[in-house]
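Report on the following structure.
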Amino acid sequence: MIRRRENIATNLLHSRFLRHFIDRCIHTNSGRKNKPENIGDSGEEVKIRLYKSRGQHLLTNPRVLDSIVRVSDIKSDDTVLEIGPGTGNLTLKLLEASNNVFAIEIDNRMVDSLRKRVAAAGVQERLNIINGDALKTEFPQFNLVVANIPYNISSPLLAKLVYGAAANPFRSATLLLQKEFARRLLAKPGDSEYNRLAINMNLMADVEFVMDVSKRDFVPCPKVDSSVVKLYPKTEIPDVNLEEWWAFTRTCFNNKNKTLGATFKQKRKLTELMKLSRVEGFCQDSNDLDECESGSQPGLEVGDRISSFRARVAGVLESGGFVDKRPAKLSHNDLLHLLSLFNDDGIYFRDQAKGSDSCSIAELDFDDGLL
Ligand SMILES: C[S@@+](CC[C@H](N)C(=O)[O-])C[C@H]1O[C@@H](n2cnc3c(N)ncnc32)[C@H](O)[C@@H]1O
């Protein structure tokens with residue numbers, strides 16, 4: 001029975017009609033469907049079907065590749081980490097500059113192609129390929145990152161890199177990113193693109209713009225332009241609980257143009273903070289946050305407790321001059337100061353009954369953007 005099903009499936013796959021249909025579905029280069037791309041950067045024949053779902057837009061302009069390597073300032077004894085090497089257009093250039101490169105690639109076909117190219121160039125000894133998902137794989141020890149990353153995992157990947165830098169310090173990361181994402185990352189207080197991603201990144205790393213890269217420098221040509229940025233992890237990181245910080249920045253940037261006075265007047269927000277902070281007479285002893293409003297606690301009625309807590313929060317904002325300030329114009333240092341004022345007053349943005357362990361990479365709440 002199983003064999004018969006397999007035969008039917010094989011026959012179907014070999015049917016010309018179905019093959020054509022599948023090709024149309026999976027091939028992403030809208031202009032040239034059903035045709036694997038020649039993706040070598042210097043005329044050599046390397047043919048692989050490229051998948052948009054894996055961000056497979058390969059950088060083929062040798063001048064741009066050279067510029068990326070040059071700005072990365074690689075020393076021969078650096079251990080370079082590349083994420084998403086593809087068929088190796090950038091990897092081969094990295095191997096000219098460094099004796100030790102780690103490359104993490106999810107797609108087996110890319111890994112095969114990369115192995116062949118590197119062996120043909122006689123530099124396979126210097127390359128360690130990790131065939132896996134960069135978000136799930138433990139990073140090796142490295143001191144430099146240079147990569148044209150898959151854009152669809154930009155946020156979690158950057159979070160993994162910079163938030164992992166405390167345990168695995170590195171000098172810099174030169175990254176090719178979607179231009180719009182790079183602009184959000186580089187935005188400063190007061191810029192229209194200023195957002196929670198920039199705030200959270202600035203806590204851990206300095207970001208520098210390097211250059212824009214045209215979509216025409218990729219195969220297949222993506223819909224968007226790109227930019228190269230360089231990240232420098234900070235050596236001194238503020239002593240703040242990251243889960244608390246992410247929850248706090250989420251609250252503030254929920255509406256970045258609203259004054260903080262208005263944001264912290266909302267009943268829903270105040271109730272949540274009262275629960276999380278285990279405010280006296282409100283959820284102090286309960287382990288279940290949902291039971292907090294049951295009214296079983298002695299003292300004031302729930303409505304009165306919220307009014308008194310609202311006045312307390314307003315007092316904290318006033319003490320730091322934040323009532324009329326808008327998050328869109330505040331630096332991460334301003335926000336750190338405000339968070340410390342809240343915490344000094346016993347007001348917290350994460351459940352105080354939870355342990356202080358930092359959360360895992362899978363729980364990273366780093367960015368509200370769509371990328
Ligand atoms: C934008 S391409 C860059 C390829 C190559 N570096 C270049 O510049 O030509 C991104 C590469 O990342 C790989 N990739 C996608 N998702 C990945 C993941 N989660 N972990 C590791 N590699 C991934 C893709 O298969 C693809 O080869």
Side-chain angles (χ1 to χ4, degrees), residues 26-29 36-44 46-69 71-72 80-97 101-118 127-140 142 145-161 164 173-179 181-182 210-211 213-229 361-362 364 371:
I26 62 176
H27 200 275
T28 58
N29 187 8
E37 293 286 349
N38 181 11
I39 48 182
D41 64 329
S42 50
E44 73 272 41
V46 184
K47 292 203 172 194
I48 285 186
R49 195 178 303 279
L50 299 169
Y51 298 115
K52 189 175 172 184
S53 59
R54 291 219 159 132
Q56 290 174 341
H57 295 280
L58 308 187
L59 182 59
T60 52
N61 183 333
R63 272 185 295 115
V64 178
L65 288 161
D66 285 337
S67 302
I68 290 174
V69 174
V71 298
S72 300
V80 181
L81 175 67
E82 186 188 7
I83 293 146
T87 54
N89 293 348
L90 179 59
T91 322
L92 283 171
K93 306 263 180 200
L94 296 177
L95 289 164
E96 285 171 20
V101 175
F102 281 92
I104 307 180
E105 171 59 58
I106 201 167
D107 188 327
N108 303 345
R109 304 163 312 145
M110 296 288 181
V111 169
D112 290 344
S113 173
L114 177 61
R115 277 197 214 287
K116 283 183 196 139
R117 276 181 88 186
V118 170
L127 178 66
N128 298 283
I129 302 176
I130 300 170
N131 189 184
D133 182 339
L135 293 180
K136 296 182 184 151
T137 309
E138 196 179 328
F139 286 164
F142 60 91
V145 185
V146 187
N148 168 19
I149 64 170
Y151 293 170
N152 53 343
I153 59 166
S154 299
S155 284
L157 193 58
L158 261 62
K160 182 170 176 176
L161 280 171
T174 308
L175 301 170
L176 195 57
L177 301 170
Q178 182 171 334
K179 187 172 176 177
F181 183 84
V210 177
M211 63 179 179
V213 178
S214 163
K215 60 181 111 174
R216 288 186 297 278
D217 292 326
F218 296 84
V219 169
C221 181
K223 289 199 180 112
V224 292
D225 286 318
S226 299
S227 302
V228 179
V229 301
I361 193 79
L364 281 176
L371 294 168

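Whatever order the structure lists ligands and atoms in, that order sets their numbers, starting from 1. Computation of the quantities below employed the complete heavy-atom set of this structure, encompassing side-chain atoms and omitting hydrogens, waters and symmetry-equivalent molecules. Keep in mind that this is a model prediction, so the values were computed, not measured.
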So what's ligand 1 close to, N/O to N/O, under 3.5 Å?
{"residue": "ligand 1", "atom": "6 (N)", "partner": "G84", "partner atom": "O", "Å": "2.8"}
{"residue": "ligand 1", "atom": "6 (N)", "partner": "P85", "partner atom": "O", "Å": "3.4"}
{"residue": "ligand 1", "atom": "8 (O)", "partner": "N148", "partner atom": "ND2", "Å": "2.7"}
{"residue": "ligand 1", "atom": "9 (O)", "partner": "L59", "partner atom": "N", "Å": "3.0"}
{"residue": "ligand 1", "atom": "19 (N)", "partner": "D133", "partner atom": "OD1", "Å": "2.9"}
{"residue": "ligand 1", "atom": "20 (N)", "partner": "A134", "partner atom": "N", "Å": "2.8"}
{"residue": "ligand 1", "atom": "22 (N)", "partner": "I106", "partner atom": "N", "Å": "3.3"}
{"residue": "ligand 1", "atom": "25 (O)", "partner": "Q56", "partner atom": "NE2", "Å": "2.8"}
{"residue": "ligand 1", "atom": "25 (O)", "partner": "E105", "partner atom": "OE2", "Å": "2.6"}
{"residue": "ligand 1", "atom": "27 (O)", "partner": "G86", "partner atom": "N", "Å": "3.4"}
{"residue": "ligand 1", "atom": "27 (O)", "partner": "E105", "partner atom": "OE1", "Å": "2.8"}
{"residue": "ligand 1", "atom": "27 (O)", "partner": "E105", "partner atom": "OE2", "Å": "3.4"}

Is there side-chain contact between V146 and V80, with at least one heavy-atom pair below 4.5 Å?
-> yes
Worked verdict on S113 versus T87 for side chain to side chain donor-acceptor pair (under 3.5 Å) = CA-CA 6 Å; S113 173; T87 54; 5.0 Å; no
State, without any angle test, whether R117 and N89 hold a side-chain donor-acceptor pair at a distance under 3.5 Å.
-> yes
Report the residues that fulfil side-chain hydrogen bond (donor to acceptor under 3.5 Å, both in side chains) with D133, sequence neighbours left out, ordered by chain and then residue number.
-> none
Taking only residues two or more places apart in sequence, or in another chain, which ones meet R109 in a side-chain hydrogen bond (donor to acceptor under 3.5 Å, both in side chains)?
-> D107
With sequence neighbours excluded, what pairs up with N128 under the side-chain contact (heavy atoms from CB on, under 4.5 Å) test?
-> N100, F102
